[in-house]
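Quick notes on the structure that follows.
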Amino acid sequence: QVHLVESGGGLVQAGGSLRLSCVVSGRTFSTTAMAWFRQAPGKEREAVATITWNVGSTYYVDSVKGRFTIARDNAKNTVYLSMNDLKPEDTAVYYCAHTDWEHCSAYGCYERRPYDSWGLGTQVTVSS
């Protein structure tokens with residue numbers, strides 16, 4: 001069992017920055033990848049960024065490339081999402097997710113199905 005706790009959300013003006021953190025505890029030894037998803041009201045949950053646990057390979061959805069950075073600190077079992085130049089369309093609940101699926105170990109996974117543990121989410125609101 002893996003437990004995830006997100007923090008760092010809040011209200012920010014357009015153009016501002018936030019950094020989200022996700023602390024991972026429990027059976028972390030088999031982790032292959034971590035991801036940040038987001039879900040806006042009335043929309044599907046989408047992968048924003050993923051990172052493989054051992055190599056650190058990353059994936060970003062096109063809408064955040066060049067603005068968001070995902071990183072992990074294996075010693076602290078923590079994953080971060082640094083978000084710059086935030087836009088109102090980035091407003092959503094952001095979720096941290098964990099997987100131990102082997103096929104996610106090389107390049108990560110951006111589908112929901114491989115992720116077996118989720119945090120409760122943290123709200124990010126960007127005002128115009």
Side-chain angles (χ1 to χ4, degrees):
Q1 192 77 10
V2 174
H3 187 56
L4 309 176
V5 178
E6 304 103 333
S7 62
L11 173 64
V12 65
Q13 288 188 331
S17 300
L18 285 173
R19 189 176 82 154
L20 307 182
S21 299
C22 173
V23 178
V24 188
S25 60
R27 290 172 53 91
T28 62
F29 61 88
S30 60
T31 301
T32 55
M34 298 289 298
W36 287 96
F37 283 73
R38 68 184 178 188
Q39 188 165 19
K43 293 190 176 182
E44 295 287 321
R45 191 174 297 190
E46 65 168 350
V48 174
T50 71
I51 188 166
T52 61
W53 199 244
N54 290 332
V55 179
S57 298
T58 58
Y59 157 86
Y60 298 93
V61 70
D62 285 346
S63 60
V64 307
K65 284 181 180 176
R67 301 188 297 121
F68 290 13
T69 302
I70 188 171
R72 87 262 189 256
D73 184 331
N74 295 44
K76 295 182 178 180
N77 281 336
T78 302
V79 180
Y80 305 97
L81 185 67
S82 297
M83 306 183 292
N84 298 315
D85 189 22
L86 283 161
K87 305 176 187 298
E89 51 264 41
D90 294 318
T91 295
V93 178
Y94 283 71
Y95 298 91
C96 180
H98 163 279
T99 182
D100 58 5
W101 281 32
E102 185 57 36
H103 88 272
C104 299
S105 63
Y107 302 106
C109 290
Y110 55 84
E111 318 91 347
R112 285 186 63 174
R113 193 165 65 98
Y115 293 93
D116 55 359
S117 298
W118 296 81
L120 295 178
T122 185
Q123 177 71 46
V124 171
T125 303
V126 185
S127 62
S128 56

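The figures here come from the full heavy-atom set of this structure, side chains too, leaving out hydrogens, waters and symmetry mates.
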inquiry  = Applying ring-ring contact (aromatic ring centres under 6.0 Å, His included), can you list everything that pairs with His103, at least two apart in sequence or on another chain?
reply    = Trp101

Contacts of Tyr110 that satisfy ring-ring contact (aromatic ring centres under 6.0 Å, His included) - sequence neighbours left out = Tyr59

Could you pull out the closest heavy-atom pair between [X] and [Y], with the gap in Å?
X     : Y      : value
Ala33 : Cys104 : CB-O, 3.8 Å
Phe37 : Glu111 : CZ-O, 3.7 Å
Asn77 : Thr28  : ND2-OG1, 3.8 Å

ask   = Pairs in or reaching into residues 9-66: which pass disulfide (SG to SG under 2.5 Å), with residues at least two apart or in two chains?
value = Cys22-Cys96

inquiry  = Give me each pair satisfying disulfide (SG to SG under 2.5 Å) with a member in residues 37-84, each pair once, sequence neighbours excluded.
reply    =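 Residue pairs with at least one partner in residues 37-84: there are none.
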
Side chains of [X] and [Y] in contact at under 4.5 Å (non-hydrogen atoms):
X     : Y     : value
Leu4  : Met34 : yes
Trp53 : Thr32 : no
Leu81 : Thr69 : no

Check the hydrophobic clustering (I, L, V, M, F, W, Y; side-chain heavy atoms under 4.5 Å; chains of links allowed) and say if [X] and [Y] are grouped together.
X     : Y     : result
Val24 : Tyr80 : no
Met83 : Ile51 : yes
Ile70 : Tyr95 : no

To the nearest 0.5 Å, what is the distance between [atom1] on [X] and [atom2] on [Y]?
X      : Y     : atom1 : atom2 : result
Glu44  : Arg38 : CD    : CZ    : 14.0 Å
Phe68  : Asp85 : CZ    : CG    : 9.0 Å
Arg112 : Arg45 : CZ    : CZ    : 4.5 Å

request  = May I ask you to decide whether Asp62 forms a salt bridge with Lys65, counting only side-chain N to carboxylate O separations under 4.0 Å?
outcome  = yes

ask   = Does a salt bridge link Asp100 with Arg27, judged by any charged N lying under 4.0 Å from a carboxylate O?
value = no

Short side-chain to backbone donor-acceptor contact, [X] and [Y], under 3.5 Å:
X     : Y      : result
Ser21 : Ser7   : no
Thr52 : Tyr107 : no
Ser63 : Val61  : no

key: Asn74: side-chain hydrogen bond (donor to acceptor under 3.5 Å, both in side chains) partners, not counting sequence neighbours   =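 Only Arg72 meet the side-chain hydrogen bond (donor to acceptor under 3.5 Å, both in side chains) criterion with Asn74.
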
query = So Tyr60 and Thr58, side chain to side chain contact (heavy atoms under 4.5 Å, CB included) or not? Walk me through it.
reply = CA-CA 7 Å; Tyr60 298 93; Thr58 58; 3.7 Å; yes

inquiry  = For a quick check under 3.5 Å, do Ser17 and Asn84 share a side-chain donor-acceptor pair by atom type?
reply    =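 Yes, a side-chain donor-acceptor pair sits under 3.5 Å.
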
Donor-acceptor contacts under 3.5 Å from residues 116-128 side chains, at least two apart:
residue, atom, partner, partner atom, Å
Asp116, OD1, His98, ND1, 3.0
Trp118, NE1, Tyr115, O, 3.3
Thr122, OG1, Gly9, N, 3.2
Gln123, NE2, Ala92, O, 3.4
Gln123, NE2, Thr125, OG1, 3.3

